[in-house]
Enquirer: 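Next up is a structure, given as structure tokens.
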Amino acid sequence: MWAEWTIATRFLREGKSQSTLILVGIAVGVAVIVFLTALITGLQANIIDRTLGTQAHIRIQADEERNLVLPAPEGSVQLVLETRRAQRLRSINNWQQILAVLDTLPRVTAASPVISGPAFARRGEAIESVALVGIDVARYTRIIPVQDDIVAGQFRVGADDTVIGRQLASDLGLQVGDKLRLDAGQGRDTVVNVAGIFELGVRELDSRYVYLDMKQAQSLLDLPGAATVIDVTVDDIFAARDVAARIARLTGVKAESWMETNAQLMNALRSQSLSTQMISVFVALSVALGIASVLSVSVVQRTREIGILRAMGTTRAQMLRVFLLQGGLFGLAGSVVGALAGYGLVGAFNTFGPKLFFIPVDPLLPVFAALLATVTGIVAAAVPARRASRLDPVEAIRHV
């Protein structure tokens, strides 16, 4: 193997200008792969964090109410024109037992019962439609850390205290310490104290959500002891669909993952991942063509030398390994430089870029890029290596 290494490095030194150009090309390709992969991965993580940071990965709800149609008498045909039944606000049956089951599932990281329903928020002559969200604070904050998004006051619910969104506070002219009347209809209303104001960064939530203690929300919505939703988070967000299906099988309730409720987001993430893979494939293809062309020219230029080496006893297998080794060296050397350049581009983006989001770099990404470039170099060298190994020594020495 040492002989093949010596010959390969000598060929590389002699073709210095060509080697430099192909190394630069490989380095640029690897840098593009590292930077774009890190950029798109960071963008996806930012999108997921902004989207799923304000919602659960899985939502468990009560099954839809359906019309009960009596079967037709035997021997007769029944024609039914059915209108879909209106859905009323109601509790999940046996939600405490379901919650206990969720706490034992291995992939579930948090589960929280929630009672949510519509109401009107009044202050003086101003009125806004809101969503009452009754929560178990200890459980709910493990799913959505609202306490980290408080911009005024404190995150405190219970004992007639509430926390509202910044947009709602602006629309009603509310500040911390002000009183707010909540009217859930049919004479169910109460006056609460605004203990804190949050800003989740989603206008719809900041203008509608009113957080209350579960018991107070149950009383306002006339659903004592109820939970209309159970929010769930999992350890791997892309496993949410499978976990939701398992929850549905175990409990018999309706469980929807974020992949179903955010289908457009899922399609966008898949498109981004596909574009990254396509870029990597085309860059690898261009690197392979560059290496193959350089080594093909090298075989033509060194035909006499190859013939002399073959006449001196170098076997076909050894000559094959020489050019395969050259291809691997091209890929490895270029990938090392390219990985460093890719790191530099990521650092420049994080330091001097628009700072819309931070790009993390997976330590395995440069290793993968280097491995890809090295394997590509070896594969690209296969054709010229085979050609060099099959040269007839006599004809090669006569080559001018």
Side-chain angles (χ1 to χ4, degrees), residues 12 16-54 57 145 148-149 151 199-202 233 235-239 258 262 265-291 294 326-380:
L12 287 175
K16 188 174 181 181
S17 59
Q18 295 173 344
S19 300
T20 301
L21 288 175
I22 192 59
L23 285 174
V24 171
I26 295 171
V28 171
V30 172
V32 168
I33 292 175
V34 171
F35 178 70
L36 284 183
T37 303
L39 177 65
I40 293 178
T41 301
L43 178 60
Q44 288 181 342
N46 180 68
I47 292 173
I48 290 172
D49 180 64
R50 288 180 179 272
T51 304
L52 300 185
T54 56
H57 301 161
D148 296 337
D149 297 306
V151 294
E199 184 174 16
L200 296 176
V202 180
T233 55
D235 55 0
D236 179 6
I237 59 172
F238 293 105
W258 69 272
N262 296 275
L265 172 62
M266 193 63 194
N267 290 335
L269 294 177
R270 285 175 177 168
S271 299
Q272 287 180 339
S273 298
L274 180 61
S275 65
T276 304
Q277 294 171 3
M278 291 182 64
I279 290 172
S280 299
V281 168
F282 284 116
V283 169
L285 183 61
S286 63
V287 167
L289 292 175
I291 293 174
V294 168
Q326 274 189 277
L329 288 174
F330 272 129
L332 181 60
S335 64
V336 170
V337 177
L340 294 175
Y343 266 123
L345 290 173
V346 171
F349 182 90
N350 287 334
T351 305
F352 305 108
K355 293 183 172 59
L356 297 176
F357 59 93
F358 179 81
I359 303 180
V361 178
D362 186 347
L364 294 178
L365 178 58
V367 177
F368 168 76
L371 181 62
L372 176 64
T374 304
V375 172
T376 301
I378 295 173
V379 173

Enquirer: Which residues pass the side-chain hydrogen bond (donor to acceptor under 3.5 Å, both in side chains) test with Asp235, not counting sequence neighbours?
Expert: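 Residues passing side-chain hydrogen bond (donor to acceptor under 3.5 Å, both in side chains) with Asp235: Arg107.
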Enquirer: What are the two closest heavy atoms between Phe349 and Leu39, and how far apart are they?
Expert: CZ-CD1, 4.1 Å
Enquirer: Thr233: what forms a side-chain hydrogen bond (donor to acceptor under 3.5 Å, both in side chains) with it, not counting sequence neighbours?
Expert: Thr109
Enquirer: Which heavy atom of Ile237 sits nearest a heavy atom of Trp258, and at what distance?
Expert: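 That closest heavy-atom pairing would be O-NE1, 2.7 Å.
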